[in-house]
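Since the structure comes first, as structure tokens, the remarks are kept for the end.
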Amino acid sequence: MSMNHRYIFVVGGVMSGVGKGVTTASIGKILQSRGFTVTAIKIDPYVNVDAGTMNPVEHGEVFVTNDGDETDQDMGNYERFLNTELTSMNYMTTGRVYQTVIERERNLGYKGRCVQVVPHIPEEVIARIKKATEHAKADFTVVEIGGTVGEYENILFLEAGRMMHLADPKNVMFILVSYLPIPKHLGEMKTKPTQHATRTLNSAGIHPDFIVCRGEQYMDKPRREKLSVFCNVKPGDVISAPDVSSIYHIPAVFEKQGFSDEMLKKFGLKPKGSDLRKWNKMASVQEKAEKSVKIAVVGKYFATGDYTLSDSYISVIEALKHASWANNASIELEWINSEDFEKESKKLAQLSTYDGVLVPGGFGTRGIEGVISAVRYCREKKIPYFGICYGMQLATVEFARTVLGLTSAHTVEVDEATEDPIIHVNPSQMKNIRENRYGGTMRLGAYDCDLKAGTIARKAYGAPSISERHRHRYEFNNAYTSAIEEKGMIVSGVNPQSGLVEIVELKDHPFFVGVQFHPEFQSRPLHPHPLFKAFIKSALQK
Ligand code: GLN
């Protein structure tokens with residue numbers, strides 16, 4: 001193991017869904033703020049090869065990397081907190097690890113030896129962790145192991161961490177992220193589940209260097225001392241992580257407890273500075289701003305509730321926040337179920353009470369006519385409109401129907417036999433669909449886009465050509481380009497290699513922009529995305 005690299009494994013205890021991803025990202029952030037290079041890796045214990053085939057309601061957003069990998073939403077938190085660009089090397093699943101080992105075996109890569117779950121699977125995990133670390137030239141690699149300790153699924157990943165620690169104990173550390181419930185009938189924070197989680201981790205041969213205690217409130221001294229004694233860690237190595245109003249406050253919460261100092265001490269390192277000022281300022285705009293902007297996100301509603309709904313669009317929500325804060329405004333976000341407009345068109349008038357409307361990406365047929373009527377309302381009433389991916393495709397469908405008079409125009413995703421397939425499927429995709437090849441076969445990752453002079457897009461980006469990340473199967477049909485342009489919808493962005501339409505916008509409208517790509521993936525708290533910024537700016541002027 002190279003002397004320069006240090007590894008921090010973050011594992012979960014007690015229960016999932018306590019914000020292990022944000023904790024991991026914040027641990028990386030505070031180390032970065034002390035002058036070190038940090039990268040992060042997400043280990044997803046699922047057998048799926050990537051997150052592209054997982055149900056977004058169960059698994060959350062599919063975060064797309066520049067190199068076109070379909071990964072877990074936590075990768076988005078890492079990119080946003082660390083202001084860095086990650087690749088497919090930073091993401092692994094059980095399926096992916098096994099696939100490599102099995103392929104290597106088939107190619108006689110193990111030279112006739114018996115290939116075994118241990119050590120060959122953890123060895124492949126370790127090789128991947130090291131490769132990503134070398135690639136990022138990272139002083140620190142924070143590795144988040146998905147799930148909670150004690151599950152079958154993540155044992156081999158814990159084993160990989162244990163083996164790395166055995167080989168180089170000074171440079172490998174473990175952090176347990178646990179949860180301390182406060183049962184209503186007791187009104188008191190309970191430490192027992194965390195004690196059990198620590199024991200379970202111990203039985204995998206791993207002892208935590210730190211325990212991060214999530215909970216509704218700050219942890220008090222008696223509980224810190226109790227955990228110290230029962231879990232065999234120093235009181236100062238028990239870190240409290242209470243619920244806060246914004247995830248961007250968490251680095252400050254950690255630093256108040258001296259977390260990065262303690263980590264660096266254990267690694268025998270001296271900090272090279274400390275810089276969280278700009279970050280903390282950004283994190284407080286929501287509470288301090290005098291202006292406020294009200295945005296409606298219109299889409300199909302996931303019946304399982306708001307929690308999963310917002311998880312499925314986490315990058316869009318975060319990008320909206322970054323852009324609002326950069327405009328010195330707080331943001332009020334509301335979800336509108338497009339199916340409401342299908343049942344009752346009178347409800348469309350409620351869109352006038354918002355400063356702007358965003359239609360995010362999506363798939364399938366449910367709620368689509370509702371989205372199309374919302375687009376029409378925003379176009380005709382001059383409400384700032386931002387359409388992303390499906391939101392762009394449906395904006396062209398609406399324009400074709402209402403303005404070009406092609407009343408049956410549609411995307412072939414919804415109406416395969418439409419007379420006017422303004423959104424169609426290109427031949428390479430046709431083959432994938434016919435052969436049921438759905439895994440990793442969409443148009444994925446970063447593509448170039450040239451911008452037309454004098455357009456909203458060109459002005460927002462301040463550059464003639466850009467690169468954005470994609471994830472879709474269908475495309476704008478270039479047979480309709482001149483027809484829409486004649487009637488005032490401008491194609492303001494085109495992929496120079498393929499001629500595919502990437503951005504459309506309207507001339508006589510304060511802000512009506514549709515993008516085929518997913519700009520939300522590149523928005524960072526301190527570097528908000530230019531199109532989101534322009535959208536919010538125009539919404540604030542409404
Ligand atoms: N369903 C559309 C397509 O596959 C849009 C995808 C998206 O919005 N991400 O092209």
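All ligand and atom numbering here is 1-based and tracks the order in the structure. The structure presented is a predicted model; accordingly, all values stated were derived computationally and were not measured.
Ligand 1 has no N or O atom lying under 3.5 Å from any N or O atom of G364, backbone or side chain. At under 3.5 Å, a nitrogen or oxygen of Q393, whether backbone or side chain, sits near a nitrogen or oxygen of ligand 1. At least one N or O atom of Y390, backbone or side chain, sits closer than 3.5 Å to an N or O atom of ligand 1.
I423 has its side chain within reach of V397: a pair of non-hydrogen atoms, C-beta onward, lies under 4.5 Å apart. Contact of the T71 side chain with the V62 side chain is not registered, since no non-hydrogen atoms from C-beta on lie closer than 4.5 Å.
Not a single heavy atom of R443 sits under 4.0 Å from any atom of ligand 1.
Results of the salt bridge (charged side-chain N to carboxylate O under 4.0 Å, His left out) test with E369 over K343, R401, R376, K300 single out R401 as the only residue that passes. With S88 as the partner, the side-chain hydrogen bond (donor to acceptor under 3.5 Å, both in side chains) test is satisfied by one option alone out of D50, D67, D69: D67. V504 pairs in a side-chain contact (heavy atoms from CB on, under 4.5 Å) with only one of the listed residues (Q516, M392, Q393, E485), which is M392. Of the residues K29, K42, E144, the one that meets the side-chain hydrogen bond (donor to acceptor under 3.5 Å, both in side chains) test with Y78 is E144.
G362 O, 3.3 Å is the protein heavy atom nearest to atom 5 (C) of ligand 1. Annotation: atom 2 (C) of ligand 1 to nearest protein heavy atom, E413 OE1, 3.1 Å. For atom 4 (O) of ligand 1, the nearest protein heavy atom (residue, atom name, distance) is R473 N, 3.0 Å. Annotation: atom 10 (O) of ligand 1 to nearest protein heavy atom, Y474 N, 2.8 Å. Of all protein heavy atoms, the one lying nearest to atom 7 (C) of ligand 1 is C389 SG, 3.0 Å.
Residue contacts with ligand 1 for R471 involve N, CA, C or O but no side-chain atom from C-beta outward (heavy atoms, distance under 4.0 Å).
Both cation-pi conditions hold for R443 and Y447: the charged atom is under 6.0 angstrom from the six-membered ring centre and inside a 45 degree cone around its axis.
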